[in-house]
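Residue numbers begin at 1 in each chain, while the letters A, B, ... track the order of the sequences.
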4 protein chains.
Amino acid sequence: MTATVSRGERRKAETRRRLLGAAAQVFGEVGVDGATIAAITEQADVGLGTFYLHFDDKDEVAAAVADDLVARIAAATDDAGAGIHAATRAVCAVAADEAALLHALYRWHGSARSGGLRAAFVERIARGMKRGIKTGLMRKEDPTLAAHAVLGLYAETILYWASSGRDDWDTLAAFLERTTAAAFSA
Amino acid sequence: MTATVSRGERRKAETRRRLLGAAAQVFGEVGVDGATIAAITEQADVGLGTFYLHFDDKDEVAAAVADDLVARIAAATDDAGAGIHAATRAVCAVAADEAALLHALYRWHGSARSGGLRAAFVERIARGMKRGIKTGLMRKEDPTLAAHAVLGLYAETILYWASSGRDDWDTLAAFLERTTAAAFSA
Amino acid sequence: MTATVSRGERRKAETRRRLLGAAAQVFGEVGVDGATIAAITEQADVGLGTFYLHFDDKDEVAAAVADDLVARIAAATDDAGAGIHAATRAVCAVAADEAALLHALYRWHGSARSGGLRAAFVERIARGMKRGIKTGLMRKEDPTLAAHAVLGLYAETILYWASSGRDDWDTLAAFLERTTAAAFSA
Amino acid sequence: MTATVSRGERRKAETRRRLLGAAAQVFGEVGVDGATIAAITEQADVGLGTFYLHFDDKDEVAAAVADDLVARIAAATDDAGAGIHAATRAVCAVAADEAALLHALYRWHGSARSGGLRAAFVERIARGMKRGIKTGLMRKEDPTLAAHAVLGLYAETILYWASSGRDDWDTLAAFLERTTAAAFSA
DNA sequence: TATGAATGAGGTTTCATTCAT
DNA sequence: TATGAATGAAACCTCATTCAT
């Protein structure tokens, strides 16, 4: 009744994880466009050809790395419970850890196949907005448009905070809560 | 004492203008990273080597194109007179015309030499914020931080508007004014 | 005293047969040069590494497939009994079935180790020629040279027939008999 | 009134000629499939990238080399005047010089774009056949089919002659004339 | 000043082959 | 005996940059 994955499968999954981690690292250092497959496999300490056993091309890893990051932020906000307050702190906490990667992926143009970070975040935020509007806590606005506004506001300030080397993320979180509340509360 | 620019100098300036226009066009089509020097010179209908008589590399043209765009938006807002209202309409008007280029330059990582669009806009917005705070119209916030917030809010919504093909820019402008006012007015 | 082949040996022979069939299939589809080991093992529904338990490399399978085909054509002509007439019909019958494979192997440059189809056919034809000359049915010519001539004549027309999608192989067979007889009979 | 091609254009044409010559050389040595772009540019003593200034890919050079060879053989036969006799000698003369290249191109599978040697030769031979049939010198046969037969007969014997190192091409030419005449004359 | 042919470093991708299981 | 993940050499192709004209 244990998970029945053969050792071979576990090793393959481990290699894939290594590649994803290496890609995240490299993307953070030189950006998605600046990253080369060779740099990723080198960082992962696997052979060059191994990359193509796990991904078709760079876009595919980038999409997978983006999905991972989105999932982590989603998990962090979900764990944090309801409320903009907790969610904002959680997002800032992840941002503090993964500033470089966040920067790389947020600026990434994405590919035909993947919407990248933006689409995923917009969708999550828009859902929250709809709830807020329905419960009367929020001013009535087009949820998708408002979600883009919030995304831009959060992303640009977070990346600014990270790039200027400030580490008092609570200050930023407070600003974000204050501003968002003022902007959209009913 | 008319301006004494020789014919050679005039021709050179004309060629430079051609290259800038071509670069803007190509950037809009394939992004800054996707653009090649050959594509730019071809679009400009100029020899390949000519590029290097006017610019050192792609970063330099991209910076120049970005400066041009910033200057045009600045001129538009300045012409529009004071007030967020007029400025927002002016920005949206330019965005409507240059959506593709705006997209390309805003996502561009920039270069070591140039801050790109972001730095220029942040600086302008921050100046406005300082004025607003001093005159008591605006809530007191860190002007640079607030400027990044406004930049992100505007940029992300404008690019969304353009990418979704909507052309009722007045609707967007109204949303932006409403939201910004709510977020930052005293 | 039945043939005592162990189960292991039987299974191994079966796997080899599977690989040969798969190789023939793949060669017909993409040519010998275009075929990859992976494509062959996939078609055979066998592990990639298994290939190397049976063959050293692609040239070796190609040679084996060619030998098979030659053997089948030889068997067909032998079964058909004596006479150019019957042999030609038999060759055309096989060609009709295996046009793609025939094309792939006939154009194949061969390897250092194997003469491929050409050598085998030339040898068989030359033997027939010598007999024909000895019995006085055939004009006296250098048998090997004449064999090459016949091979080229047959092969090029058969491949043309197959590639143009015609299926009235009797028409072709009649042409070949008529022409060969005219060319070489005493 | 002299040919008005600038020096630059002449130099470019010269480079192209160098590449064609080098490709012919390399194809003769290792076959079309075995040839690499690097080997061709090295043989031509030009930079690797230069290749792509003149040809899209290997298929395109191969087609150009094939066209050249066809044109040379066509010129040789045309110069030789009418009659199978002269034409056969002319073909053999070129074959003697270009045996290796002929071998490489004749075995080449060709590309989607180019019919290669085969198509060009078949067409020329078929034209001759139609004339022969109309004038009553030749037995009535499907001209395209007969052309393939003649092509196969000539090609296979010529390549045999070359590969076996024989240099009495007159002997071969005599065989070809004799055999073709017997096979197809009315 | 303008041109564009030539260059080659640098990236991507494939695939024969090995080897631990 | 069978497997298939891992490997890296080798091929392809692009494009920034130079330089002779």
Please check if the number of heavy atoms outside A:Glu60 that lie under 6.0 Å from its CD is greater than 12.
yes

Is any side-chain N of the basic residue among B:Arg17 and B:Glu14 closer than 4.0 Å to the acidic one's carboxylate O?
yes

Assert: residue with more 5' nearest nucleotide on DNA chain E, out of A:Thr36 and D:Lys12, is D:Lys12

Rounded to whole Å, CG of B:Leu19 lies from P of E:dT1 at a distance of 14 Å

In Watson-Crick or G-U wobble terms, with both distances under 3.5 Å, the base opposite F:dA5 is E:dT18

Rounded to whole Å, the CZ-P distance (B:Phe55 to F:dT17) equals 14 Å

| query | What nucleic acid atoms does B:Gly49 come within less than 4.0 Å of, heavy atoms only: base, sugar-phosphate, or nothing? | reply | base

Taken to the nearest whole Å, CG/B:Leu53 to P/F:dC19 is 14 Å

- [ ] For D:Thr50, report the nucleic acid contact type (base, sugar-phosphate, nothing); a contact means any heavy atom under 4.0 Å.
- [x] base

Heavy-atom side-chain proximity of D:Leu19 to D:Val46 below 4.5 angstrom: yes

Item to check | Residues B:Arg107, A:Asp33: salt bridge by 4.0 Å N-O rule | outcome: no

Sorted by position of nearest nucleotide on DNA chain F, 5' first, the leading residue of A:Phe51 and C:Thr15 is C:Thr15

In whole angstroms, the gap separating P of F:dT17 from CD1 of B:Ile40 amounts to 12 Å

Per nearest nucleotide of DNA chain E, the residue lying toward the 5' end, A:Ile37 or B:Asp45, is B:Asp45

Whole-Å distance, D:Arg10 CZ to F:dA20 P, equals 18 Å

note: D:Arg11, atom CZ; E:dA6, atom P; distance rounded to Å ~ 8 Å

Taking for B:Asp57 and for D:Lys58 the nucleotide of DNA chain F with the nearest heavy atom, the one nearer the 5' end belongs to D:Lys58

Between CG of B:Leu48 and P of F:dA16 the distance, given in whole Å, is 9 Å

Item checked: Presence of D:His54 side-chain N/O under 4.0 Å of E:dA6 phosphate oxygens OP1/OP2 -> yes

When A:Leu69, A:Leu101, A:Leu159 are each screened for side chain to side chain contact (heavy atoms under 4.5 Å, CB included) with A:Tyr106, the one that passes is A:Leu159

Whole-Å distance, A:Arg16 CZ to F:dA6 C1', equals 16 Å

